Student: 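Sharing a structure, written as structure tokens. Questions coming.
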Amino acid sequence: MAELIILKLGGSVITDKSGRCSVDIERISALAEEISARKDIFPIIVHGAGSCGHPEAKEHHLDKGLDQTNKAGIFITHHAVRQLNDAVVNALRASGVEAVGLHPLDACTAKNGRLISFECGPIELLVKNGIVPVLHGDVAMDEERGACIVSGDQLISYLAGSISVDRIGLATDVPGVLEDGRVISHIDAVSARNLKINESGNTDVTGGMRGKIDELLTLAEKGIESNIFHVSRTGDFLDGRDHGGTVVTRENVHEKI
Ligand code: IPE
């Protein structure tokens, strides 16, 4: 049976972050071809927003919740990331991979920025029927704040807690988690505490690499490890080879001998 894999495509690898909703069709098509070429894996795709959603979310300060001034931000942000979702679904289908977009705004509820419900039934049935679900970071309705931004990373952490998957990988625009310019091969909750991550001052609404690590550590605590690697190594990850990136694991799993 094919291995079930959650693959997150970071927003910065599928959009050009310097433009406004500038979709990198070439990169998306190349990734779709990589996926289509592999018959031993079956992916659930989750993608980020990059320049199709982050600027809108920030402009409408949705990360601070909903008030009387920013209601339109829900439509505007959701619409932007949905356009990117269509591009990913279309590229997969053009490569011969049957796929369909699913939108968290329609199917989940959050409380104080954290997902408290997400209907996973349709995802499981799509997988069972050989159709690739394509989800994305999104604006979501929030019981406390009115609305919030749910990152693709938070979605992964929720999904992997509900659906049993074989492997989790995050394709990013960096080769892994970097400290002093070098890739850290393994991170656990203990080593993460002392980690000095250099991020640009302009961290996006979902917290950049630190937000990603925190999310993946939540998953690691449940015994589910995940992999962060450069997008150019996606094929290696899909094939189960060394991807040269970072593995986020439960404490002490990879103790030095
Ligand atoms: C952000 O999702 C969603 C919105 C801003 C609507 P992510 O946080 O997963 O996006 P990237 O990967 O950082 O671009």
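We count residues from 1, following the sequence as given. Both ligands and their constituent atoms are indexed starting at 1 by order of listing. Since we're looking at a predicted model, the values are computed, not measured.
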Student: On a heavy-atom basis, which atom in Ile168 and which in Phe237 lie closest, and how many Å separate them?
Tutor: C-CZ, 3.5 Å
Student: Taking only heavy atoms of Gly10, which atoms of ligand 1 are found under 4.0 Å from at least one of them?
Tutor: 12 (O)
Student: Tell me the protein heavy atom at minimum distance from atom 8 (O) of ligand 1, and give that distance in Å.
Tutor: Thr206 OG1, 2.4 Å
Student: Closer than 4.0 Å to some heavy atom of Ile149 - which atoms of ligand 1 meet that?
Tutor: 3 (C), 4 (C), 5 (C)
Student: Could a heavy atom of Lys8 be found less than 4.0 Å from some atom of ligand 1?
Tutor: yes
Student: Which residue owns the protein heavy atom closest to atom 3 (C) of ligand 1, what's the atom, and how far is it?
Tutor: Gly137 C, 3.5 Å
Student: Would you mind checking which non-hydrogen protein atom is closest to atom 12 (O) of ligand 1, with the distance to 0.1 Å?
Tutor: Gly11 N, 2.8 Å
Student: What's the shortest distance from atom 10 (O) of ligand 1 to any protein heavy atom, and which residue and atom give it?
Tutor: Ala49 N, 3.0 Å
Student: Can you tell me how far apart NZ (Lys8) and CG (Leu170) are? Round to the nearest 0.5 Å.
Tutor: 6.0 Å
Student: Considering only the protein, which heavy-atom contact is closest to atom 13 (O) of ligand 1, and what is its distance?
Tutor: His54 NE2, 3.1 Å
Student: Should we count CZ of Arg241 as having more than 12 external heavy atoms under 6.0 Å?
Tutor: yes
Student: For Ile74 and Val139, which heavy atoms make the closest approach, and how far apart are they?
Tutor: O-CG1, 3.7 Å
Student: How many angstroms lie between CD1 in Ile123 and CG in Leu155, if you round to the nearest 0.5 Å?
Tutor: 8.0 Å
Student: Under 3.5 Å, N or O to N or O, is Gly152 touching ligand 1 that way?
Tutor: yes
Student: Got an N/O contact under 3.5 Å between Gly50 and ligand 1?
Tutor: yes
Student: Among all protein heavy atoms, pick the one closest to atom 6 (C) of ligand 1 and tell me residue, atom and distance.
Tutor: Thr77 CG2, 3.7 Å
Student: Please determine if Lys128 and Glu124 form a salt bridge, counting it only when a charged side-chain N lies under 4.0 Å from a carboxylate O.
Tutor: no
Student: Roughly how far, to the nearest 0.5 Å, is CD of Gln154 from CG of Leu159?
Tutor: 10.5 Å
Student: Can you sort out which atoms of ligand 1 are near Gly53, meaning under 4.0 Å from one of its heavy atoms?
Tutor: 5 (C)
Student: Atom CD1 of Ile45 and atom CD1 of Ile6: how far apart are they, to the nearest 0.5 Å?
Tutor: 10.5 Å
